[in-house]
Amino acid sequence: MAELVYTRVSTDEQSTDRQTHLLTEAGLTDGADGVRLFADPATSSKIPALEREGFRRLVLVNVLISVGQFQRDLQNELTREGLAAAWAQGARSGRRPQVATNGALDQVRQEYREGASIAALARRQKVSRVAIRTALADLLPGRSEQPARGRTRFVRLGRSGESVG
């Protein structure tokens, strides 16, 4: 996150040295990682803020940051809406179960029933042990949930959330 710092004094007799010293102690020096310093030395308070060069630049940077944040928020909102619409149509998101994708689900389940270990099945199928456990979820002791079976419909989503294939 960027730190925007604005220093200012009103007359030629004053100096920004004290402000700069305090900022340096806090690690906020111009050029430091993520720090941007804006200064208006010897600027009369009779000059409106937007006519001061440093303040004007600070405001411009803040406006650009705000527009970027608004754009990011809008994009996140559209993504959430698109996902919600796709889920309402029955689409699922997330990584596809590897054993089911490989077409070896029934074979793996049968071999496990015949006594094959999870590690041996994982080596044979060239998948992780977690992938094997996912395929065998209802067969494992103490696990009541059912694995994803049958025809699960996976949908790829476009930017606005509509199905694209």
Side-chain angles (χ1 to χ4, degrees), residues 1-7 23 26-39 48-165:
M1 178 171 194
E3 300 287 341
L4 303 177
V5 180
Y6 179 68
T7 61
L23 291 169
L28 298 172
T29 57
D30 199 20
D33 194 29
V35 176
R36 182 72 173 100
L37 181 63
F38 299 90
L50 290 177
E51 291 181 17
R52 298 181 203 141
E53 181 62 29
F55 188 81
R56 196 169 52 234
R57 289 172 45 214
L58 175 66
V59 169
L60 177 63
V61 169
N62 273 320
V63 167
L64 292 174
I65 289 170
S66 296
V67 169
Q69 183 63 47
F70 173 72
Q71 181 181 7
R72 183 178 327 173
D73 292 345
L74 184 60
Q75 186 175 13
N76 288 340
E77 182 180 340
L78 291 172
T79 299
R80 283 189 298 273
E81 288 175 1
L83 286 171
W87 293 333
Q89 293 174 359
R92 294 184 52 190
S93 58
R95 188 172 180 181
R96 298 350 182 218
Q98 292 299 303
V99 175
T101 302
N102 294 345
L105 182 62
D106 292 332
Q107 176 188 352
V108 166
R109 293 172 65 80
Q110 183 59 38
E111 288 180 23
Y112 179 76
R113 285 186 191 105
E114 293 171 358
S117 71
I118 291 175
L121 290 168
R123 281 191 300 273
R124 215 168 304 142
Q125 295 297 322
K126 295 183 172 83
V127 297
S128 70
R129 289 179 300 215
V130 173
I132 298 296
R133 284 190 200 99
T134 300
L136 303 174
D138 63 324
L139 301 178
L140 298 174
R143 302 279 303 266
S144 60
E145 65 268 9
Q146 298 291 317
R149 299 205 56 167
R151 298 222 178 250
T152 302
R153 183 173 164 235
F154 292 100
V155 178
R156 197 177 94 207
L157 304 176
R159 285 184 178 222
S160 62
E162 75 279 356
S163 298
V164 292

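Just so it is clear, the model here is predicted, and its values are computed rather than measured.
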I'd like to check [X] versus [Y] (side-chain heavy atoms, cut-off strictly below 4.5 Å). Are they in contact?
X      : Y      : value
Ile118 : Leu140 : yes
Leu50  : Pro48  : no
Val61  : Arg36  : no

Closest non-hydrogen atom pair between [X] and [Y], with its separation:
X      : Y      : result
Trp87  : Ser93  : NE1-OG, 3.3 Å
Gly27  : Val35  : O-CG2, 4.3 Å
Phe55  : Ala49  : CD2-O, 3.3 Å
Ser117 : Ala120 : OG-N, 3.0 Å
Val99  : Ala131 : CG2-O, 3.8 Å
Pro141 : Tyr112 : CD-OH, 4.3 Å

What distance separates [X] [atom1] from [Y] [atom2], expressed to the nearest 0.5 Å?
X      : Y      : atom1 : atom2 : answer
Leu136 : Leu105 : CG    : CG    : 8.0 Å
Glu3   : Asp33  : CD    : CG    : 10.5 Å
Arg124 : Gln107 : CZ    : CD    : 8.0 Å
Tyr6   : Asn62  : OH    : CG    : 12.5 Å
Arg109 : Asp138 : CZ    : CG    : 4.0 Å
Leu37  : Thr7   : CG    : OG1   : 5.0 Å

Checklist entry - Does any donor atom in the side chain of Gln75 or Gln71 lie under 3.5 Å from an acceptor atom in the other side chain? => result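 Gln71 and Gln75 do not have a side-chain donor-acceptor pair below 3.5 Å.
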Next on the checklist: Quick one about Asp106 and Gln110 (side-chain donor to acceptor, distance below 3.5 Å, no hydrogens or angles considered), yes or no?
Outcome noted: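 No, no side-chain donor-acceptor pair sits under 3.5 Å.
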Checklist entry - More than 12 heavy atoms of other residues, nucleotides or ligands under 6.0 Å from CZ of Arg56: is that the case? => result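 Result for CZ/Arg56: enclosed.
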Checklist entry - Among all residues two or more places apart in sequence or in another chain, which pass the salt bridge (Lys or Arg N to Asp or Glu O under 4.0 Å) test with Arg57? => result none
